Amino acid sequence: MATHETYIHEAVALAEANIEAGGSPYGAVIVRDGAILVRAANTVHATNDPSAHAEMVALREASRILGRRDLSDCVMYASGRPCPMCHAAMRLAGFKQGYFAFSAEEAEAHDAGSAAIYAELCQPLETQPMRLSQVRPAGEAPYAAWAARRRR
């Protein structure tokens, strides 16, 4: 019977293999019903897509395989602590559990992490290094129309 350590080991092995392939040290495994559904590595180096982190690649593939965006019956195992983007995507996909092997601080010590981004995102918008400001157009936001359409 596979354990958390088994799946974490698989994610770390993917990360190590990705280094050999010229990529960054990140791998992810999605497990469903006690079996590995998806194995993925960070593909930013190959795709030039800054969102192609191992967890994001795995989420996209799991959604494609299952034909749905609700992955609440899955568990994520990642070689490193998921960055804020990946963490948020996991939440949006409905994950209830996730595990990681190495901390963001460990990665940051080798210029491979996102610990600084975690800290920045906790600051008020006006003090963050990337300026994000609201420009409100006239008229209603589209959210009420979206909610009404969903109720039909």
Side-chain angles (χ1 to χ4, degrees), residues 1-136 141-143 146:
M1 180 175 175
T3 65
H4 295 308
E5 290 78 15
T6 302
Y7 300 129
I8 282 292
H9 182 270
E10 181 77 19
V12 171
L14 287 163
E16 291 168 344
N18 203 42
I19 294 167
E20 294 302 315
S24 59
Y26 294 102
V29 173
I30 294 180
V31 173
R32 181 173 177 257
D33 296 331
I36 294 177
L37 177 67
V38 174
R39 291 173 176 85
N42 181 302
T43 60
V44 172
H45 67 288
T47 63
N48 292 316
D49 175 355
S51 71
H53 292 191
E55 299 90 339
M56 298 296 286
V57 173
L59 286 169
R60 290 175 186 133
E61 182 64 10
S63 293
R64 187 193 66 73
I65 289 169
L66 297 174
R68 56 186 164 89
R69 63 183 177 196
D70 178 5
L71 302 178
S72 59
D73 58 343
C74 298
V75 179
M76 176 74 75
Y77 293 87
S79 61
R81 180 177 173 180
C83 75
M85 172 186 67
C86 294
H87 189 149
M90 290 165 60
R91 293 283 308 271
L92 289 169
F95 277 83
K96 293 181 177 64
Q97 289 182 300
Y99 301 89
F100 63 92
F102 305 109
S103 72
E105 293 76 16
E106 288 174 277
E108 196 76 24
H110 300 281
D111 295 324
S114 56
I117 294 174
Y118 277 108
E120 289 171 3
L121 290 175
C122 292
Q123 301 301 316
L125 285 177
E126 64 274 3
T127 65
Q128 293 182 19
M130 183 190 87
R131 296 292 180 234
L132 183 62
S133 304
Q134 183 178 16
V135 177
R136 175 84 188 209
Y143 309 122
W146 176 77

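Just so you know, these numbers use all the heavy atoms, side chains as well, and skip hydrogens, waters and symmetry mates. Model, not experiment: these values are computed from the prediction.
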What's the spacing between [X] [atom1] and [Y] [atom2] if we round to 0.5 Å?
X: Arg39; Y: Ile30; atom1: CZ; atom2: CD1; value: 12.0 Å
X: Leu14; Y: His9; atom1: CG; atom2: NE2; value: 10.5 Å
X: His87; Y: Glu55; atom1: NE2; atom2: CD; value: 11.0 Å
X: Leu92; Y: Leu59; atom1: CG; atom2: CG; value: 9.5 Å
X: Gln97; Y: Cys74; atom1: CD; atom2: SG; value: 11.5 Å
X: Arg91; Y: Lys96; atom1: CZ; atom2: NZ; value: 11.0 Å

- Message: Would you say CZ of Phe95 has more than 12 non-hydrogen atoms from neighbouring residues, nucleotides or ligands within 6.0 angstrom?
- Response: yes
- Is atom CZ of Arg68 surrounded by more than 12 heavy atoms (other residues, nucleotides or ligands) closer than 6.0 Å? yes
Considering non-hydrogen atoms only, spot the tightest contact between [X] and [Y] and give its length.
X: Ala89; Y: Met56; answer: CB-SD, 3.4 Å
X: Ala141; Y: Arg136; answer: N-NH2, 4.2 Å
X: Ser51; Y: Arg60; answer: OG-NH2, 2.9 Å
X: Glu126; Y: Arg131; answer: O-NH1, 2.8 Å
X: Pro84; Y: Ile117; answer: CG-CG2, 3.8 Å
X: Ala54; Y: Ala40; answer: O-CB, 3.7 Å

- Task: May I have the step-by-step check of side-chain contact (heavy atoms from CB on, under 4.5 Å) for Gln134 and Leu125, ending in yes or no?
- Result: CA-CA 10 Å; Gln134 183 178 16; Leu125 285 177; over 6 Å; no
Has the side chain of [X] got a donor or acceptor atom that lies under 3.5 Å from a matching backbone atom of [Y]?
X: Gln128; Y: Glu120; result: yes
X: Asn18; Y: Pro25; result: no
X: Asn42; Y: Tyr26; result: no
X: Ser103; Y: Glu106; result: yes

- Item | Test side-chain contact (heavy atoms from CB on, under 4.5 Å) applied to His4 and Val75, step by step | CA-CA 10 Å; His4 295 308; Val75 179; 5.6 Å; no
- Stepwise side-chain contact (heavy atoms from CB on, under 4.5 Å) test for Tyr77 and Thr6: CA-CA 10 Å; Tyr77 293 87; Thr6 302; over 6 Å; no
